[in-house]
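Have a look at the structure below, then the notes.
Note that the coordinates shown come from a computational prediction; the quantities given were computed from them, not determined experimentally.
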Amino acid sequence: MNAARTEHTGYQHDHARRTLQVIPTKAAREDPRRAEECGCAPTPAESRALRAGVSRRTLLGAGTAGLVAAIVAGPLLPSAFAATYPSWDDVQAAKANEATKAAEVQRIQGFIQSLTGEVARTRTAAEQAAGAFYTAQQAHFEAAVRADTLQSQADAEAANATDAANKAGRVAAQLYRDGGDQTSLELFFSGSAATADDLLTRLGVMDKLLERNQTVYATAITARDAAQSLTDQAIVARDERDRLQTVAEQKMSESQQAADAAQAALDAQTLNLGQLQAQLAALQDTTTKTIADYQAGVEAARIAEEQRRAAERAEAERLAAAGNGGGVVSSGWARPTSGRRTSDFGPRSSQCGNGYCSTSYHYGADLSGGCSAGIYSAAAGTVVYAGYNGGYGNYIKIDHGGGIGTGYAHIRNGGFNVGYGQRVNAGDLIGSEGNTGNAFGCNLHFEAYVNGSPVNPINFLVARGVSI
């Protein structure tokens, strides 16, 4: 395992820090010791996180209304972040009075409905934005391949034109050596030919050379015109490629913002929903079960979730260490996974499965190390996208500078180890293989980009000393 790799429990955004305001209950403000007793004070881990700053993906505040506006417009906290969720002391006090209890039940139900609705709304918006990004990205890739194909054809026709022109020149030179019209007449009158048949033979050869020269010349002209036409088409295709690239980049930005909003809404729900539901159950409970019992249930659920995530990370680390993925070579590039190659870049027959059919052109290479196998950054760079991306499923894009980029698709749900805006080193563990999007099983769909356009990623890596 590369010493530079770190396990990220959350997403870090150096350029987009947020400060989370924790508003204690009235009881906690009057007596700080009660904050510890009611469980509403930040835990030591939460306090460290708050002091360090909280990223957009780990906005663990209360509520999510207005979250998209906060992410897009700037650091102002939306109104829901100032909402004061009920403490267990509030719940205990409300149980003693039916009117108060009814009001508290209604308030908690409102919080639950708000959290659930915000998650659904932001998730729908994120899915729509991701679909638009994927469509725009594929259109750009298709235009890039078309532009490259037309330019290759134009170059080939230009070479044909040059070759035909050279042949015409050689035929003309041969014709000159064998004699043209005037030379043939001189030969005829000089009687230098042994017989008339001999002269006719010479004239016949000359006519054939003339005919051949005309054919070669016509071929050269045709090739030249074709080369010019294809060059003109390639210019138009490149303009369209550049236009679609701009569209794709805009859709990528919009999709990232929507993905961040959806993740923040989910984080807020995850943090608060369990306790709110337990508090609601406590208020509606007519048995002798105590508030402490409900508190204990919330804490047990929290511990179980932490253990599940820890086990998940440990398994990902184990699988990551099992192969040679992430090994950095002298060029500064690394193998993005230990998996074997299962599909190459370029044209291919359409494949169907999981309720969909693949396209006839494959813009990357598939590498399969198995479900949850480690995915590594192929080189140092900045994460410019981390989120869902339509047919690519969960997807990461890294900008390595100098017009070079790489893409990593089909990451498993919950398999992100990095977030948008994060700097990574070559060989860093950035995710784990999954079966999201249009995949035919757990694998990494790996892409390489030059000036935004896809190139053969295997050849690209081989040129940098990385064997796949």
Side-chain angles (χ1 to χ4, degrees), residues 15 56 68 71-72 124-151 233-263 336 345-347 356 358-366 377-379 381-411 416 418-422 424 430-431 436-439 444-457 460:
H15 67 290
R56 285 186 296 179
V68 176
I71 289 175
V72 176
T124 298
E127 289 174 353
Q128 291 173 345
F133 170 34
Y134 179 73
T135 298
Q137 185 183 46
Q138 298 303 296
H140 164 229
F141 288 171
E142 183 179 352
V145 170
R146 173 171 169 75
D148 289 344
T149 300
L150 285 170
Q151 190 58 60
Q233 293 178 55
I235 292 172
V236 172
R238 283 196 295 272
D239 289 342
E240 178 66 0
R241 174 202 64 192
D242 294 344
R243 184 189 72 81
L244 290 172
Q245 182 176 356
T246 300
V247 173
E249 288 172 350
Q250 176 62 32
K251 295 299 182 184
M252 181 176 75
S253 176
E254 293 171 359
S255 182
Q256 183 67 66
Q257 291 172 358
D260 286 348
Q263 185 62 46
F345 175 89
Y356 71 94
S358 66
T359 60
S360 58
Y361 203 97
H362 197 219
Y363 297 111
D366 291 340
S377 173
T382 301
V383 177
V384 294
Y385 188 87
Y388 199 76
N389 181 14
Y392 282 174
N394 295 323
Y395 168 80
I396 290 172
K397 183 177 181 180
I398 299 176
D399 181 4
H400 303 292
I404 302 299
T406 50
Y408 312 76
H410 304 321
I411 297 169
F416 288 102
V418 295
Y420 170 75
Q422 185 173 328
V424 294
I430 61 173
T436 58
N438 297 344
L444 165 65
H445 172 85
F446 177 70
E447 295 182 342
Y449 316 113
V450 175
N451 296 322
S453 298
V455 298
N456 188 318
F460 178 89

| task | Step through the shown structure and confirm whether more than 12 heavy atoms of other residues, nucleotides or ligands are within 6.0 Å of CD on Gln233. | result | yes
Does [X] have any side-chain hydrogen bond (donor to acceptor under 3.5 Å, both in side chains) partners at least two apart in sequence or in another chain, and if so, which?
X      : result
Tyr392 : Gln138, Glu447
Thr406 : His400, Tyr408
Gln151 : Asp155, Arg238

| note | Taken in chain and number order and not counting sequence neighbours, the residues that satisfy salt bridge (Lys or Arg N to Asp or Glu O under 4.0 Å) with Glu254 are Lys251
| said: Within the structure provided, determine whether Val236 and Glu240 are in side-chain contact (heavy-atom separation under 4.5 Å). | reply: no
| Partners passing ring-ring contact (aromatic ring centres under 6.0 Å, His included) against Tyr449 (at least two apart in sequence or in another chain) | Phe141
| query | ring-ring contact (aromatic ring centres under 6.0 Å, His included) with Phe345: which residues, sequence neighbours excluded? | reply | Tyr361
side-chain contact (heavy atoms from CB on, under 4.5 Å) partners for [X], two or more places apart:
X      : value
Gln245 : His140, Asp242, Glu249
Phe460 : Trp333, Ile404, Ala448, Val450, Val455, Arg464
Thr382 : Arg423
Ala139 : Leu244

For [X] versus [Y], what's the shortest heavy-atom pair and its separation?
X      : Y      : value
Met252 : Val384 : CE-O, 4.0 Å
Ala237 : Leu150 : CB-CD1, 3.9 Å
Ala136 : Val247 : CB-CG1, 4.1 Å
Ser453 : Arg241 : OG-CD, 3.7 Å
Gly393 : Thr436 : CA-OG1, 3.5 Å
Val418 : Ala386 : O-CB, 4.2 Å

How long is the gap from [atom1] on [X] to [atom2] on [Y], to the nearest 0.5 Å?
X      : Y      : atom1 : atom2 : result
Gln128 : Ser255 : CD    : OG    : 11.0 Å
Asp366 : His410 : CG    : NE2   : 6.0 Å
Leu444 : Ile411 : CG    : CD1   : 7.5 Å
Ile430 : Phe416 : CD1   : CZ    : 9.5 Å
Gln250 : Ser253 : CD    : OG    : 5.5 Å

| field | Centroid-centroid under 6.0 Å between Tyr134 and Tyr395 rings | value | no
| query | Would you say the side-chain atoms of Gln263 and Tyr420 include a donor-acceptor pair closer than 3.5 Å? | reply | no
| query | Are the side chain of Tyr388 and the backbone of Gly391 linked by a donor-acceptor contact shorter than 3.5 Å? | reply | no
